[in-house]
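All remarks here apply to the structure that follows.
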Amino acid sequence: MSDIYFHNTPTNKKETFRPIHKGKVALYTCGPTVYSTPHIGNFVAYIRWDILVRMLIASGFEVTRVMNITDVGHLASDADEGEDKMLKGAKREGISMWDVAQRYTDEFMNGAKQLNLITPTFITKATDFIPEQIELIKQLEKKGFTYSIDDGVYFDTGKFPHYADFAHLDLEGMKAGARVDYNNEKRSPHDFALWKFDKKGERTEMVWDSPWGRGFPGWHLECSAMIEAKLGDTIDIHTGGIDHIPVHHTNEIAQSEAAHNKPLAHYWLHTAHLLSEGTKLAKSLGNSFLLQDLADQGFSALDFRMFVSQSHYRTESNFTWENLAAAANRLRNWQNIASLRWQTYDTLQSDAEKSSDELSAAMQQAREAILLALQDDLESPQAFRIIDELFATIERTPLADIQQTSLRQLLETIDELFGLQLLETTPDVSEEVKLLIIERQRAREAKDWARSDKLREQLAHQHIGIHDTAHGSIWYRL
RNA sequence: GGCGCCGUGGCGGAGUGGUGACGCAGCGGUCUGCAAAACCGCGUACACGGGUUCGAUUCCCGUCGGUGCCUCCA
């Protein structure tokens, strides 16, 4: 098996992947915060990590993957102010915080299904791991990494010398230009809450008892606790959005490594954000579209998946309707190739014949090359180039010279790695349609053009297009 | 204010110190009874200025522009 390479955030270099246990990968993906309907930008990361998982599986790894659901309500800002997002959602919709979490967890999972994302081995809710989170704080307290102030228990970043290393932070510079007023009881503006007190006793739900007082866990704690609980002290790969680097993952590392004295993860992969119409997605700009908005414009979730997959995960890409339409067309062209498998046969029987078939050999070679491209830091654009070039060759090959099994296997590989459901979305045509095609063929042979055209029209009504070649007619879906 | 990332043809999007990946769109033509989402062909692209070099889109410096994080937002 060939090596796998990842661009590792802490070293900012491409490194050879070496799993902790041979043939196995422990992977953690920072999941969604469930207080509103996920927009297309949110889903980008999960599409990218889905390709990561598919590549690892195709490379022969047994992947154990955990993704969290952040369902604990947190305050809207680091300063002890702002309204809790879950609480706000609950008030807005007149339901409980638990119902808010459930509603948007369901919406996320529904979107994930539409996008054909592989379900992680474990999907863990922060609220299901409160005792583990409390236990982790106890460990940190025992080692002297915590202190309590008026509104909560904090992690003392001054006690963790490597705090700035991961994100290459300039702590002094950040302090000087900070946009936020920090709680000045904190020893350092970078210190973060491990446990927040419900000071005024106003929280009636999502509040728990702890040795330090009634309240709820800090914002970064859940990931550390769930990784420890489900995957162990050190994992192979940790993924997240680029925004997680300076705060969330920096704090996660501080907590976990202070508690365990071991590296939290060997490889950190971060995906760039999606821009929409040239700028950051924001509700106020009206550009944070939902999958439903795409559907309203006639685009499927798979069209969006295609759009995302054709760029590299560390490149910032720009969503526009025009770009989405281009991706949708590309997917349509791929589906037309996939439809060809119903119109071809295996004419070569012996292995010798098969291996001497140039196109079959090219398809076999492409299957390997596509995987190789993904093994090189998820170079999906390169993989797509290989696919496009091969598809172009297939298109100009007479149907009779395309081996059905070779084509089907190629499509299977592409589906396995990219989840575009080329096979599922291109079923065979009905017997009725097949008869119409044969009838039209006969009409053409009899030079009965009026009848032939009428049949073509009839087929178009059934969303079937026809392409006549010197070697016969090819159908495709309209 | 600090720390980043990025600027490639109409739109996306790779890549490279020295013959313009790939996709979408467009144009011209071909095949065809007609058609086609079929085939063939078509683009003087690498923000600007300077430097290094025989030679830079590719390396270095600067400028301008865009964008991100520092507010759990992927």
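A note on names: the letters A, B, ... follow the listed sequences, proteins ahead of strands, and every chain is numbered from 1.
- A:Thr124 and A:Asn68 share no side-chain donor-acceptor pair at under 3.5 Å.
- The interatomic distance linking A:Leu459 (CG) with B:A37 (P) rounds to 17 Å, in whole Å.
- Atom CZ of A:Phe384 and atom P of B:G23 are 13 Å apart (whole Å).
- Figure legend: cation-pi geometry between A:Lys196 and A:Phe216 absent, as NZ or CZ is not positioned both under 6.0 Å from the six-membered ring centre and within 45° of its axis.
- The only member of A:Asp156, A:Asp151, A:Thr157 that meets side-chain hydrogen bond (donor to acceptor under 3.5 Å, both in side chains) when paired with A:Tyr154 is A:Asp151.
- Rounded to a whole Å, the CG atom of A:Leu281 is 13 Å from the P atom of B:U67.
- Along RNA chain B, the nucleotide nearest to A:Ser317 and the one nearest to A:Ser452 differ in position, and the one closer to the 5' end is contacted by A:Ser317.
- Atom C1' of nucleotide B:C31 and atom CD1 of A:Ile474 are separated by 14 Å, given to the nearest angstrom.
- When rounded to the nearest whole Å, the span between NZ of A:Lys454 and C1' of B:C34 equals 18 Å.
- In this structure, CZ of A:Phe304 is placed 11 Å from C1' of B:A74, rounded to the nearest angstrom.
- Distance CD (A:Gln441) to C1' (B:C34): 15 Å, rounded to an integer number of Å.
- Scored by the side chain to side chain contact (heavy atoms under 4.5 Å, CB included) test, A:Asp303 finds A:Phe299, A:Ser300, A:Leu324, A:Ala328, A:Leu331, A:Arg332 as partners (sequence neighbours excluded).
- For a distance-only test at 3.5 Å, the side chain of A:Asp453 qualifies as a donor-acceptor partner of the base of B:G33.
- Partner of A:Met363 under the side chain to side chain contact (heavy atoms under 4.5 Å, CB included) criterion, out of A:Leu410, A:Leu411, A:Thr393: A:Leu410 alone.
- To the nearest whole angstrom, the two P atoms, one in B:U58 and one in B:G7, are 11 Å apart.
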Output the pairing pattern of RNA chain B as a dot-bracket string, 5' first, Watson-Crick or G-U wobble with both distances under 3.5 Å, | for cross-strand pairs, [ ] for crossing pairs. (((((((..(((.....[...))).(((((.......)))))....(((((..]....))))))))))))....
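- Phosphate proximity of B:G12 to A:Ser311: absent, as no side-chain N or O sits under 4.0 Å from OP1 or OP2.
- Across all strands, A:Ile466 comes closer than 4.0 Å to base atoms (heavy-atom distances).
- Here A:His270 and A:His244 keep their ring centres 6.0 angstrom or further from each other.
- For the side-chain hydrogen bond (donor to acceptor under 3.5 Å, both in side chains) test with A:Tyr313, the passing option among A:Asp377, A:Thr271, A:Thr239 is A:Asp377; the others fail.
- The CG-P distance, from A:Asn329 to B:G13, rounds to 16 Å in whole Å.
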